[in-house]
Amino acid sequence: MTRPPTPQDKDKWAAQRQEKLTALQGQLADGLQQLMEATGWMTWLKVAHHFHTYSLNNQILIAIQNPSATQVAGYRTWKATGHQVRKGEKGISILAPVTAPRHTPDGQPLLDAKGTQLRGIVGVKPATVFDISQTDGPPLPHPDTEPHTLLQGQAPEGMWNNLEHYASQLGFTVHIGDCPAEGLTHFLRRDITILHGFDPAHAASVLAHEVGHATMHDPDPDTAEQRTTIACRGLVEVEAESFAWLVNNDWGLDSTPDSFHYLAGWTASAAKETKTTPLEILTATATRVRDATTRYLDYRHHPQTHPVTTLADAVNHDTTQLENPTLTHRARGLHELNHSPTHSAARTP
C-alpha cells in the first residue's frame, strides 16, 4: 500500500519542478540566441513547420533537443494510440500550462455557454514528450497530405488560388504584370503585383512571400508608417521569406531562402533603432512569423472551396516573356533594405 505524500515530499517535488523549470528557461535563452544564426533560424522553421500550433517557446525547446522531431506526445498518449516508447529513450522537455478555475470580479464561477466553468492559464510546469521516432507501433495518419516532389515548373494544385483568395481577405488585389522586382506589395493601393513570365511554381512562391508582407507588415492606417517594432527593412524581408518557406512546405513546394545569412546584422540594427536588445527583436520577429503562419494555415485547411481564378490560368500560360525565367532568390544589400520606401515591400530577383 502506497503511503500518502508528506509535506516534506511535496516540498521536495516542488523544488525538483522548479529546478527543472529553471533549466528549461536556460535552454530557451540559449535557443533564442541561436536564432540569430542562419542555421539556427532554419532549424526553428523546420520544427515550426511540424508544430505550428505550439507556442514559440516550445517550438524552440523542441528544436534544441530534437530538431528532427515531427510528431510528439506524452508517454500515456502514445500508449493510448498503441505505441510504446522504447526503453532508454530520452524525452523532450517542454513547458505545459498550469490552469485554474476562472471567476468573475465578485468571486462567482465564470461559465461558458454550456454552463461549464472556464479555466485560465496561471503558470507553466515542465512536461516530457517523445517523438514518434522514439516509439514502436502501428503507422499513424500523417497531417501532411501534399506531395513533396513536384514536376519541374509546376505549382501544387490550388496553391495560387488559395493564396490569391487569402490576399483578398486581407484587402489586397493580386495582379500579374510589369514589376521592378519579383513581386511588390503596395499598401496604399492595396495591391500585390507578381512579375509576369515565371514558371507557376516560382510565381506561387513569390506570391506566398508577398502575402507574408500583406499579413505581417501592413502599415498603421492612421499614420501610414510601419510598426515601430519593425525598424529594420532586412528583418521585414526575413519575416516574409520565413512565412513563404513555411507556406511553401505546407503545400509541398521546396524553396531555399538565402536572406537569413544577414539575420544577426539586421537584428542588431533594429535593436539599435528601437533601443531594445537583439533578443527582444528576434523574439518579436519569430512570434510574428509563427502567428501569421498559424492564421494562414487555419484558413488554408478550413473546409472550403476556392474556385480557379483568371490569374491562376494566366500564370500557367505566361512563362515565355522573360529572357531568363529562372531567377534566383538573392537578399538585397543591407543599405538598400534599410532605405527602401515604407509604403511598399518588394521581393527582388
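Hydrogens, waters and symmetry mates play no part in the numbers below; they use all other heavy atoms, side chains included.
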Quick one: do H196 and D178 satisfy side-chain contact (heavy atoms from CB on, under 4.5 Å)? Show the steps, please.
CA-CA 7 Å; H196 59 69; D178 293 329; 2.9 Å; yes
Go through the structure and list residues passing side chain to side chain contact (heavy atoms under 4.5 Å, CB included) with L297, not counting sequence neighbours.
H52, D250, T293, H301
Report, one line per pair, each donor and acceptor closer than 3.5 Å where one atom sits in a side chain of residues 90-102; sequence neighbours left out.
{"unit_1": "T99", "atom_1": "OG1", "unit_2": "R119", "atom_2": "NE", "d": "3.0"}
{"unit_1": "T99", "atom_1": "OG1", "unit_2": "R119", "atom_2": "NH2", "d": "3.3"}

R288 side, atom CZ; S242 side, atom OG - distance, nearest 0.5 Å
11.0 Å
Given side chains that start at C-beta, do those of V47 and Y54 come closer than 4.5 Å, heavy atoms only?
no
R190 and G171: which non-hydrogen atoms are nearest, and at how many Å?
CB-O, 3.4 Å
F130: what forms a ring pair (Phe, Tyr, Trp, His ring centres under 6.0 Å) with it, not counting sequence neighbours?
none
With sequence neighbours excluded, residues passing side-chain hydrogen bond (donor to acceptor under 3.5 Å, both in side chains) with E280:
T277
Rounded to the nearest 0.5 Å, how far apart are NE2 of H209 and CG of L163?
13.0 Å
Pairs satisfying salt bridge (charged side-chain N to carboxylate O under 4.0 Å, His left out), at least one member in residues 127-140, at least two apart
R86-D136
Hey, could you give me each pair passing ring pair (Phe, Tyr, Trp, His ring centres under 6.0 Å) that has a residue in residues 277-296? Not counting sequence neighbours.
Y166-Y296
Just by distance, no angles: are the side chains of H213 and E239 close enough, under 3.5 Å, to form a donor-acceptor pair?
no
Determine, for W251 and R300, whether the Lys NZ or Arg CZ falls below 6.0 Å from the six-membered ring centre while staying within 45 degrees of the axis.
yes
Over all heavy atoms of both residues, which pair between I194 and I192 is shortest? Give the atoms and the distance, please.
CD1-CG2, 4.0 Å
Which residues share a side-chain hydrogen bond (donor to acceptor under 3.5 Å, both in side chains) with Q65, sequence neighbours left out:
none
Going by the rule side-chain hydrogen bond (donor to acceptor under 3.5 Å, both in side chains), which residues pair with T77 if we only count those two or more places apart in sequence or in a different chain?
none
Residues at least two apart in sequence or cross-chain that pass ring pair (Phe, Tyr, Trp, His ring centres under 6.0 Å) with H83, listed by chain then number, are W78
Could you pull out all residues at least two apart from D112 that satisfy side chain to side chain contact (heavy atoms under 4.5 Å, CB included)?
K114, T116, L118
Is it true that D106 and T104 share a donor-acceptor pair across their side chains at a distance under 3.5 Å?
yes
Could I get the full list of side-chain hydrogen bond (donor to acceptor under 3.5 Å, both in side chains) partners for Q8, not counting sequence neighbours?
T6
